[in-house]
Amino acid sequence: MSIPPTPTAREEPPSAASSIPAPPTAVYEVRTLRTDAEHEEAAALVQDRQRWLTLQGLPVPAQADIPAQFRKPQTRSAGLFEDGKLLACMIPEHTPDLGWGKGPCLFLRSVHTLPDQSDGITRLITLWASDFAARLDLPVVRAETLARHALEAEPLAALLRRFTDIGWDVCGSGPGRDGDRVARLELHAERRPGLSALLSCQVHVPRPTSDDRSNT
């Protein structure tokens, strides 16, 4: 039996596509909560945050069961994750008329972060929300934080200063979406093309809603 000759054809060089390194995976992810377990995890985070706020002398909602909101799949809440760990949760809404501020907005309802880690997490949420609103062709992001006393009174004043330091404007106070008195916050929308390298977004596109509190 003869041995076939060794092939002499040149090996094809690797294609250009195969030589391009894969893009790095984003460290953080904002996405719609998908499972019952994630909804329960968000509700537990809210409860932990509310206990922490009470210890810091800051108010917690009196008129709405916020953990229950996050347990409902129909609420379409979202979470900020780092390697699968939930850092914050919120309810993004496209609101044509919030009752304060002019025009439609991306409204971040019931934003809660892990206790003792709020500043860095809030910066990430701010960057994401500004970019997400711009991609939805919405001019501003709005949010609310509880304000039982004057905005100049501590410790609320210190909290509001941290918001303004990262780009939010304080737009006075008044009744909030969930019935409590709140400080009103507004952030300009801005496209941030480089953000995807740090933070990926898999959030449902919120449908325009009216000021309907029936889902609270």
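None of the values given here were measured: they were computed from a predicted structure.
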Assigning hydrophobic clusters by single linkage (Ile, Leu, Val, Met, Phe, Trp, Tyr; side-chain heavy-atom cutoff under 4.5 Å), is [X] placed with [Y]?
X      : Y      : answer
Phe163 : Leu87  : yes
Leu159 : Ile121 : yes
Leu195 : Leu136 : yes
Leu138 : Ile125 : yes
Ile91  : Leu114 : no

Got a donor-acceptor contact below 3.5 angstrom from the [X] side chain to the [Y] backbone?
X      : Y      : value
His39  : Phe70  : yes
Asp131 : Arg192 : yes
Arg181 : His149 : yes
Thr145 : Ala183 : no
Ser130 : His188 : yes

Are the side chains of [Y] and [X] in contact, using a 4.5 Å heavy-atom criterion?
X      : Y      : result
Arg71  : Glu40  : yes
Asp180 : Arg148 : yes
Glu82  : Val27  : yes
Leu108 : Leu187 : no

Separation of [Y] [atom2] from [X] [atom1] (nearest 0.5 Å):
X      : Y      : atom1 : atom2 : answer
Phe81  : Leu199 : CZ    : CG    : 12.0 Å
His112 : Leu53  : NE2   : CG    : 7.0 Å
Ser173 : Arg184 : OG    : CZ    : 7.0 Å
Leu127 : Leu198 : CG    : CG    : 8.0 Å
Leu185 : Leu160 : CG    : CG    : 6.5 Å
Thr126 : Ile166 : OG1   : CD1   : 3.5 Å

Next on the checklist: If you apply the rule side-chain contact (heavy atoms from CB on, under 4.5 Å), what do you find for Leu80 with Trp128, and how did you get there?
Outcome noted: CA-CA 10 Å; Leu80 169 64; Trp128 164 77; over 6 Å; no
Could you tell me which non-hydrogen atom of [X] sits nearest to which non-hydrogen atom of [Y], and how far apart they are?
X      : Y      : answer
Gln69  : Ala64  : NE2-CB, 4.1 Å
Trp100 : Glu144 : NE1-OE2, 3.1 Å
His204 : Pro92  : NE2-O, 4.2 Å
Pro206 : Leu106 : CG-CD1, 4.4 Å
Leu45  : Cys89  : CD2-SG, 4.1 Å
Gln50  : Val60  : O-CG1, 3.4 Å

Checklist entry - More than 12 foreign heavy atoms under 6.0 Å from CG of Asp36: is that the case here? => result no
Checklist entry - Could you walk me through whether Arg135 and Arg191 pass the side-chain contact (heavy atoms from CB on, under 4.5 Å) check? => result CA-CA 7 Å; Arg135 289 191 283 117; Arg191 288 299 301 266; 3.2 Å; yes
Next on the checklist: Set out, in order, the CA-CA distance, both residues' side-chain angles and the distance that settles side-chain contact (heavy atoms from CB on, under 4.5 Å) for Phe132 and Val30, then state yes or no.
Outcome noted: CA-CA 10 Å; Phe132 189 50; Val30 182; over 6 Å; no
Item to check | Worked verdict on Arg31 versus Glu38 for side-chain contact (heavy atoms from CB on, under 4.5 Å) | outcome: CA-CA 11 Å; Arg31 60 174 169 81; Glu38 288 181 347; 2.8 Å; yes
Next on the checklist: If you apply the rule salt bridge (Lys or Arg N to Asp or Glu O under 4.0 Å), what do you find for Arg51 with Asp48, and how did you get there?
Outcome noted: CA-CA 5 Å; Arg51 282 192 289 268; Asp48 288 345; 2.3 Å; yes
Checklist entry - Are Arg161 and Glu154 close enough, and set up right, to give a salt bridge (Lys or Arg N to Asp or Glu O under 4.0 Å), and what steps lead you there? => result CA-CA 11 Å; Arg161 286 194 295 270; Glu154 300 293 352; 3.2 Å; yes
